[in-house]
J.: 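Have a look at this one before I ask anything.
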Amino acid sequence: MAATPSEDRTLVLLRHGESDWNAKNLFTGWVDVDLTDKGRAEAAAGGRLLRESGLLPDVVHTSLLRRAITTAALSLDAADRHWIPVRRTWRLNERHYGALQGKDKKQTLAEYGEEQFMLWRRSFDTPPPEIDLDDEFSQAHDPRYADLGDEMPRTECLADVIARLMPWWEGDAAADLQSGRVVLVAAHGNSLRAIVKHLDGIGDDEIAGLNIPTGQPLVYRLGDDLRPLGPGEYLDPEAAAAAAAAVANQGR
Ligand SMILES: O=C(O)[C@H](O)COP(=O)(O)O
């Protein structure tokens, strides 16, 4: 179905609901943890918001991590869109948190101090230390990444996430959006920060202030050039602002 030139494209970004390690305040990255009961409820609530807003996804893109995959399934079930096509890619995975994976955020802040903690957590181009290949929280031997070869990260900064995410954005995401489909992306705090930075043209220093809340649908209307026609809008702005502030304060 060829989209008409002036037709808006609709992109919905949805961070997974609260995960077990979000609740425990642990750096997660590529560790494949599940949702908490609260996170499952957040995912379903996000789906109800989509349904009530008349935003019915035609295709969903997820990472290879269960917290995003389960969030997609629960939200789409609540929106009665559980039957739509699914595309999965490592390029939507959470940023790889390197040697911080499994570490407590509060202890990390206490041990390394505010500046280093924020550099590792929110800077554009400062990655945490690399994870050891034999670390219990390494994905070096995870079969789902067997084909990545040299692209397999041992740590990532946000710039690294953008670099590995853009082939997806310019490929499968653009194709679905250009076809006029409503595209739901169920992903993670930092892979979504990467998308929002790209769409909103947020500066490399300014991006440190952006936090994405769990379970809150963020909607972009895009032109035929896939540039935003206006700012992204949360379907529940008040709840999203409160939840984003909670993300910012993690570790404190
Ligand atoms: O990977 C993680 O720890 C979280 O999903 C994101 O954590 P952050 O908000 O500290 O980057």
Side-chain angles (χ1 to χ4, degrees), residues 13-36 38-40 42-43 46 62-72 90-131 135-139 142 153-162 164-165 185-197 202 206-216 218 240-252:
L13 305 179
L14 182 63
R15 182 180 176 192
H16 59 79
E18 182 194 67
S19 74
D20 287 337
W21 280 19
N22 289 153
K24 293 173 182 171
N25 224 11
L26 303 179
F27 285 105
T28 314
W30 283 33
V31 180
D32 197 9
V33 298
D34 209 341
L35 297 177
T36 61
K38 177 185 175 189
R40 302 175 80 85
E42 286 178 343
T62 80
S63 72
L64 300 185
L65 296 168
R66 64 166 45 91
R67 57 193 189 270
I69 292 169
T70 305
T71 295
W90 71 274
R91 296 183 184 278
L92 283 173
N93 272 24
E94 177 56 280
R95 65 173 293 188
H96 194 295
Y97 252 114
L100 293 184
Q101 293 190 164
K103 299 284 189 295
D104 180 277
K105 293 182 182 180
K106 207 176 188 79
Q107 287 172 7
T108 303
L109 175 58
E111 185 175 346
Y112 294 96
E114 176 73 18
E115 184 180 1
Q116 184 63 75
F117 179 78
M118 284 306 287
L119 272 174
W120 281 337
R121 194 176 180 225
R122 285 291 175 269
S123 77
F124 179 62
D125 53 9
T126 304
E130 288 191 339
I131 196 166
D135 187 298
E136 65 176 307
F137 299 124
S138 165
Q139 287 71 42
D142 188 319
R154 292 177 59 183
T155 189
E156 287 180 307
C157 60
L158 191 65
D160 295 327
V161 175
I162 291 172
R164 50 91 159 170
L165 182 144
V185 178
H188 304 264
N190 290 289
S191 50
L192 295 178
R193 287 177 74 238
I195 297 173
V196 170
K197 183 179 192 300
I202 298 174
E206 189 190 353
I207 190 65
L210 178 69
N211 290 281
I212 305 285
T214 54
Q216 293 290 339
L218 173 58
V247 173
N249 290 324
Q250 278 179 0
R252 302 186 187 289

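Any value given below was found using the heavy atoms of this structure, including those in side chains, with hydrogens, waters and symmetry copies removed. Indexing begins at 1, ligand by ligand and atom by atom, following the structure's order.
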J.: Ion pair present between Arg15 and Glu94, side-chain N to carboxylate O less than 4.0 angstrom?
T.: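 Not counted as a salt bridge, because no side-chain N and carboxylate O are separated by less than 4.0 Å.
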
J.: Taking the side chain as every heavy atom from C-beta outward, state whether Phe124 and Lys197 have any atom pair closer than 4.5 Å.
T.: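 When only atoms from C-beta onward are counted, Lys197 and Phe124 do touch, with a gap below 4.5 Å.
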
J.: Please output the residues near ligand 1 using a strict heavy-atom distance under 4.0 Å, listed in chain and residue-number order.
T.: Arg15, Asn22, Leu26, Phe27, Thr28, Gly29, Glu94, Tyr97, Lys105, Arg121, Arg122, Asn190, Val247

J.: Hey, does the side chain of Gln101 reach the backbone of Phe137 with a donor-acceptor pair shorter than 3.5 angstrom?
T.: yes

J.: Taking Asp20's backbone N and O only, do any of them form a donor-acceptor pair with Asp34's side chain (distance below 3.5 Å, no angle check)?
T.: no

J.: In chain order, what residues pass the salt bridge (Lys or Arg N to Asp or Glu O under 4.0 Å) check against Asp32, with sequence neighbours excluded?
T.: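 Asp32 satisfies salt bridge (Lys or Arg N to Asp or Glu O under 4.0 Å) with Arg66, Arg144 once adjacent residues are dropped.
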
J.: Under 3.5 Å, is there a donor-acceptor pair between the side chain of Glu42 and the main chain of Glu18?
T.: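 Between the backbone of Glu18 and the side chain of Glu42 there is a qualifying donor-acceptor contact (under 3.5 Å).
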
